[in-house]
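In listed order, ligands and their atoms are each counted from 1.
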Amino acid sequence: MKVAIYVRGDELSIKIAEKIKKKLASNEITIDDENPNVVIFVGGDGTLLRAIHLYIDKIDQIHFIGVRTGTLGFFCDYKPSEIDEVINRLKNGANSKKYRLIEAEIATNTSKKKIFAVNEIRIENPFHTLITNIYIDDFLTNAFYGNGLNVSSQLGSSAYNRSLGGALVERGLEILQLQEIAALSNRSYRSINSPLILDPKHVIKFAPVAKKTIIGYDHLTLEMDEDYTISIWLSDKTFQLIHHENNTYFDVLNSTFMKDKVEDKKWVLMIF
Ligand code: NAP
Ligand code: MN
């Protein structure tokens, strides 16, 4: 086993990473930042995004396991007090869950470029109305006018997608979710005006008319100033994420977005 540690740059995360390094050394586990088959990421959900993009070329062979230094997130399951448990899980060949990345091909008149994402791939223009045709498997579904369009994976459903009013999707379901960003909707312009959840066999293609747009993929961006099309699908490229045995999707949902339970029934009755 060769382990890399990927750390968010804040003081607490760096301190925890030092602790993990010492534990790895005392367990005679090799640290290898160049060619790891395990990456321990220390920070938050955004830290996994960055770690994945760093190791994208060898992503299929890597298991990721997260130690959180902030609040409970969707990707980092372990607390700093559970470092021994993290090491034990690695030593005992922990079960992990395989996730597919989102993949896109951006084609201009002169070039083709591939990008990958964990959460979502989106096109945006915050300055002028973005105008684009939307195709699903080369079938023209809609002409879109608005700020942009977001294509999210199951993992990304709780990220930007959720802020846009998209649906949260349970861990394990393989889907693509198309959501509009500030669509124009009136007698002249029609939009789907609803999150659209698709079978991952489909390819979603945008062909923007307005030239200047931003393509966002996780925390990364590309500024486009020529005509292009972007085709987006669920990739065959995968990565493995080790989850805490006692941390179900509903535990994470509950601690991130919901109230634990109604503590005082009398008080609730008084409101109604
Ligand atoms: P970032 O700081 O890395 O992430 C922004 C916030 O989103 C952080 O609080 C992060 O959690 C959280 N997050 C990331 N992935 C998540 C997921 N799958 N489920 C729930 N929360 C998640 O910011 P960034 O550098 O711009 O990174 C880009 C990501 O931010 C994108 O993938 C996009 O989903 C999200 N984003 C959100 C909005 C919005 O909601 N309006 C707008 C643009 C981008 P941690 O604090 O634990 O790292
Ligand atoms: Mn962050």
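- Among Lys91, Lys22, Lys23, the single residue meeting the salt bridge (Lys or Arg N to Asp or Glu O under 4.0 Å) criterion with Asp84 is Lys23.
- Between Tyr249 and Phe74, the ring planes lie tilted relative to each other; the angle falls in the 30° to 60° range.
- Shown here are the salt bridge (charged side-chain N to carboxylate O under 4.0 Å, His left out) partners of Glu105, two or more places apart in sequence or in another chain: there are none.
- At distances below 3.5 Å, not a single donor-acceptor pair connects side-chain atoms of Ser235 with backbone N or O atoms of Ile102.
- Within ligand 1, the atoms closer than 4.0 Å to a non-hydrogen atom of Ser163 are 39 (C), 40 (O), 41 (N), numbered from 1 in the order shown.
- Using modelled atom types and a 3.5 Å distance limit, the side chains of Thr213 and Asn125 yield no donor-acceptor pair.
- At a 4.0 Å heavy-atom cut-off, ligand 1 touches Ala159 through backbone and side chain alike.
- If you number the atoms of ligand 1 from 1 as listed, the ones under 4.0 Å from a heavy atom of Phe75 come out as 18 (N).
- Remark: among candidates Arg162, Glu120, Arg8, the nearest residue to atom 31 (C) of ligand 1 is Glu120, based on non-hydrogen atoms.
- Closest heavy-atom approach to atom 3 (O) of ligand 1 among the candidates Arg50, His219, Arg68: Arg50.
- Near Ser158, meaning under 4.0 Å from any of its heavy atoms, are these atoms of ligand 1: 17 (C), 18 (N), 19 (N), 20 (C), 21 (N).
- No side-chain heavy atom of Lys15 sits under 4.5 Å from any side-chain heavy atom of Thr69.
- Below 3.5 Å of separation, one finds an N or O of Asn119 facing an N or O of ligand 1.
- Taking every non-hydrogen atom of Gly44 and a distance limit under 4.0 Å, the qualifying atoms of ligand 1 come out as 47 (O), 48 (O).
- Residue Asp45 holds the heavy atom nearest to atom 13 (N) of ligand 1 of all those in Ile121, Asn150, Asp45.
- The residue Val118 has no part lying near ligand 1, judged by heavy-atom distances below 4.0 Å.
- Among residue pairs with one or both ends in residues 176-185, those qualifying as side-chain hydrogen bond (donor to acceptor under 3.5 Å, both in side chains) are Glu180-Ser191; sequence neighbours excluded.
- Within ligand 1, the atoms closer than 4.0 Å to a non-hydrogen atom of Phe74 are 19 (N), 20 (C), numbered from 1 in the order shown.
- Residue-ligand proximity, Gly46 to ligand 1, at heavy-atom distances under 4.0 Å covers atoms 3 (O), 45 (P), 48 (O).
- Note on ring orientation: taking the six-membered ring where Trp is involved, the planes of Tyr189 and Tyr145 are tilted (angle from 30° to 60°).
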